[in-house]
Q: 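Before I ask anything, let me first share the structure, which is written out below as structure tokens.
Please read these numbers as outputs of a predicted model, since none were measured by experiment.
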Amino acid sequence: MAQPRKSTASRRPARQKSTGRKTARKSASKTREAKPSSKRWSQRVTKHSDALDLKRGVFTLRDPKRIAASLKRSAEHSSRRKAGAYRSALSMLTFYINRAGKTLPKTQRMRLNQAKVELKRQFGRD
């Protein structure tokens with residue numbers, strides 16, 4: 001007569017009993033050194049993703065109309081965008097504002113928020 005097969009649970013080696021002491025394990029994340037590129041992931045996003053091909057220094061311009069015009073021009077001529085030109089330009093502007101966070105001076109933040117309004121106007125989305 002054939003004997004019944006043993007279940008898979010019985011084939012596994014038995015777990016060792018805990019002695020109550022915790023062993024000192026080094027966390028994998030603590031022992032790994034951080035990659036230099038991981039510090040500036042937002043920079044990597046703007047360079048290597050399907051982001052816009054922006055003109056250098058566009059967010060440092062003083063005139064909100066010029067910022068909006070530059071974003072519009074970049075969005076319309078970009079071959080890397082997936083969404084519409086307005087959506088891409090606005091999302092890149094919002095991305096920059098969010099990434100700058102608290103380090104963005106109030107005057108520059110106000111200027112960039114005015115550029116959002118101007119961008120909306122230039123695309124005829126009043």
Side-chain angles (χ1 to χ4, degrees):
M1 253 186 159
Q3 292 186 356
R5 290 182 79 183
K6 293 181 180 178
S7 69
T8 57
S10 63
R11 286 188 225 154
R12 292 185 189 146
R15 295 182 92 180
Q16 293 179 354
K17 292 183 180 179
S18 176
T19 59
R21 290 185 299 169
K22 290 186 178 181
T23 58
R25 289 187 195 176
K26 289 184 180 178
S27 172
S29 62
K30 289 182 182 177
T31 58
R32 270 190 237 147
E33 291 185 28
K35 296 177 187 176
S37 63
S38 65
K39 289 182 181 178
R40 294 193 177 102
W41 66 267
S42 57
Q43 182 181 17
R44 196 172 61 244
V45 166
T46 55
K47 284 186 178 180
H48 301 293
S49 73
D50 290 320
L52 299 180
D53 298 318
L54 296 175
K55 189 175 178 183
R56 184 179 293 261
V58 66
F59 297 116
T60 58
L61 296 173
R62 300 245 184 241
D63 185 19
K65 289 182 181 182
R66 288 184 61 201
I67 295 170
S70 180
L71 284 170
K72 181 179 180 185
R73 185 172 40 256
S74 295
E76 289 174 340
H77 292 100
S78 178
S79 61
R80 296 169 58 196
R81 65 180 166 86
K82 291 183 179 178
Y86 171 71
R87 188 170 158 193
S88 295
L90 188 63
S91 68
M92 187 55 78
L93 182 55
T94 304
F95 177 77
Y96 180 81
I97 293 169
N98 290 343
R99 287 292 91 209
K102 294 179 182 178
T103 62
L104 192 64
K106 283 186 178 181
T107 55
Q108 185 67 9
R109 182 179 303 276
M110 286 177 20
R111 198 173 296 134
L112 293 173
N113 282 325
Q114 289 171 352
K116 279 187 186 181
V117 174
E118 183 60 31
L119 191 66
K120 189 175 183 178
R121 192 189 65 73
Q122 286 186 13
F123 273 98
R125 305 242 178 160
D126 293 337

Q: Spell out, as yes or no, whether a donor-acceptor pair under 3.5 Å connects the side chain of Ser78 to the backbone of Ala75.
A: no
Q: Quick check for you: to the nearest 0.5 Å, what is the distance between Lys102 atom NZ and Leu104 atom CG?
A: 13.5 Å
Q: Kindly compute the distance separating OG (Ser70) from CG (Leu93), expressed to the nearest 0.5 Å.
A: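 Rounded to the nearest 0.5 Å, the OG-CG separation comes out at 11.0 Å.
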Q: Assess the residue pair Lys120 and Tyr86 against the criterion (side chain to side chain contact (heavy atoms under 4.5 Å, CB included)); give the C-alpha distance rounded to whole Å, side-chain angles, the decisive distance to 0.1 Å, and a yes or no.
A: CA-CA 8 Å; Lys120 189 175 183 178; Tyr86 171 71; 3.8 Å; yes
Q: Take Met92 and Phe95, measure what side chain to side chain contact (heavy atoms under 4.5 Å, CB included) needs, and give me the verdict at the end.
A: CA-CA 5 Å; Met92 187 55 78; Phe95 177 77; 4.1 Å; yes
Q: Can you confirm whether Lys72 is buried at NZ, in the sense that more than 12 heavy atoms of other residues, nucleotides or ligands lie under 6.0 Å from that atom?
A: yes
Q: Could you grab the distance from atom CZ of Phe59 to atom CD1 of Ile67, nearest 0.5 Å is fine?
A: 8.0 Å
Q: Calculate, to the nearest 0.5 Å, the distance between atoms NZ and CD1 belonging to Lys116 and Ile97 respectively.
A: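 With rounding to 0.5 Å, NZ (Lys116) is 4.5 Å from CD1 (Ile97).
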Q: Kindly say whether Gly57 contributes a backbone atom to a donor-acceptor pair with the side chain of Thr60 at under 3.5 angstrom?
A: yes
Q: Please report the shortest heavy-atom distance between Ala115 and Ala68, naming the atom on each side.
A: O-CB, 3.8 Å
Q: Taking all non-hydrogen atoms of both residues, which atom of Ser74 and which atom of Lys55 are closest, and how far apart?
A: OG-N, 3.9 Å
Q: Taking Arg111 for the side chain and Arg62 for the main chain, is one N or O donor matched with an acceptor at less than 3.5 Å?
A: yes
Q: Could you grab the distance from atom CD of Gln114 to atom CG of Asp63, nearest 0.5 Å is fine?
A: 9.5 Å
Q: What verdict does the side chain to side chain contact (heavy atoms under 4.5 Å, CB included) test give for Phe123 and Glu76, after you've listed the backbone C-alpha separation in whole Å, the side-chain angles of each residue and the deciding distance to 0.1 Å?
A: CA-CA 11 Å; Phe123 273 98; Glu76 289 174 340; 4.0 Å; yes
Q: Sub-3.5 Å donor-acceptor pair from the side chain of Ser91 to the main-chain atoms of Arg87, do we have one?
A: yes
Q: Looking only at non-hydrogen atoms, find the nearest pair between Leu119 and Leu90 and report the distance.
A: CD2-N, 3.7 Å
Q: Please say whether more than 12 non-hydrogen atoms of neighbouring residues, nucleotides or ligands are located less than 6.0 Å from CZ in Arg109.
A: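 Yes, enclosed.
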